[in-house]
Amino acid sequence: QSVWYDNVARPAVESGLLARIMEEDGVTGGTSNPAIFAKNLEESGVYDEAIRAFPADATPAQIFEPLWIQDIQAACDLMRPEYERTHGRDGYVSLEVSPALAHDAPGTVAAGLRLKAAVERKNLLVKVPATRAGLTAIEALIAQGCSVNVTLMFSLAHVNAVAQAYVRGLQRLVEAGGDPRPVKSVASLFLSRVDTLV
């Protein structure tokens, strides 16, 4: 098992919290989502100076994504030694595609590839929901060498469908002459959702 921290953002990196829990608590990965990042952006105060550097007419989206990408890059850099030590088995950080794309397979693929290029770190996972469209997107992203973190699975059948999409994506990658070894995707079961229901 690997322990991942679910609040990777600037406050955790700049305060030294992420480095400390990696050292003291065995944390070897991290993840984020738009809601968690927005909460940090609104409440922490550490983004105020960076926000002021944007043009006055910048939209919230034009401010939000670049700052989020910077946070993910910093976390990836912090996790990179773990990634190297485990030969790519751990040390990842996840960045989620917009929830608005949950039922848009082409949009999810385009967003995933764009985020991968923007972050430009080997230990990035693009987080994709396992909706019907998401399964199509997962296969397509993996076929293009993009590691993914799949979420929103609520049954064993659902997990099996995700695993099959992963295998099909790798097969397509190999058939196209790609190297499957760096593609280290994960399927994340939402235990917290089960816990809440119980």
State yes or no: do [X] and [Y] share one hydrophobic cluster built from I, L, V, M, F, W and Y residues joined by side-chain heavy-atom distances below 4.5 Å, directly or via other members?
X: V186; Y: L95; answer: no
X: V148; Y: L125; answer: no
X: M22; Y: L17; answer: yes
X: Y83; Y: V126; answer: no
X: F64; Y: V13; answer: yes

When you look at CD of E49, are more than 12 heavy atoms from neighbouring residues, nucleotides or ligands closer to it than 6.0 Å?
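Atom CD in E49 is not packed in, count stays at 12 or less.
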Taking CZ in R132 as the centre, count heavy atoms belonging to other residues, nucleotides or ligands within less than 6.0 Å. Is the count above 12?
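No, the 6.0 Å shell around CZ holds no more than 12 heavy atoms from other groups.
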Say whether, by atom type as modelled, one donor and one acceptor occur between the side chain of [X] and the main chain of [Y] under 3.5 angstrom.
X: S147; Y: K184; value: yes
X: T108; Y: L101; value: yes
X: R121; Y: V119; value: yes
X: S94; Y: T31; value: no
X: K127; Y: S32; value: yes
X: D25; Y: V27; value: no
X: K116; Y: G145; value: yes
X: N123; Y: G91; value: yes

Taking all non-hydrogen atoms of both residues, which atom of [X] and which atom of [Y] are closest, and how far apart?
X: C146; Y: V183; value: O-CG1, 4.2 Å
X: V8; Y: G30; value: CG2-CA, 3.5 Å
X: L152; Y: P129; value: CD1-CB, 3.5 Å
X: M153; Y: A130; value: CG-CB, 3.8 Å
X: V174; Y: P180; value: CG2-CG, 3.8 Å
X: A133; Y: D104; value: CB-N, 3.7 Å

How long is the gap from [atom1] on [X] to [atom2] on [Y], to the nearest 0.5 Å?
X: E65; Y: L115; atom1: CD; atom2: CG; result: 5.5 Å
X: D90; Y: T28; atom1: CG; atom2: OG1; result: 3.5 Å
X: E120; Y: I72; atom1: CD; atom2: CD1; result: 15.5 Å
X: L197; Y: F154; atom1: CG; atom2: CZ; result: 9.0 Å
X: Q164; Y: E139; atom1: CD; atom2: CD; result: 10.5 Å
X: Y166; Y: Q171; atom1: OH; atom2: CD; result: 11.5 Å

Quick one: does [X]'s side chain get under 4.5 Å of [Y]'s, heavy atoms only?
X: P66; Y: F54; value: yes
X: I21; Y: Y5; value: yes
X: Y47; Y: R10; value: yes
X: F37; Y: L67; value: yes

Does a side-chain N-to-carboxylate-O contact under 4.0 Å join R85 and E82?
yes
Check each of D71, D48, I36, I51 against L41 using the side-chain contact (heavy atoms from CB on, under 4.5 Å) test, and report the only one that passes.
I51
Give me the one residue out of T136, I142, L141 that meets side-chain contact (heavy atoms from CB on, under 4.5 Å) with I138.
I142
Residue pair N40 / W68, side-chain donor-acceptor N/O under 3.5 Å
no
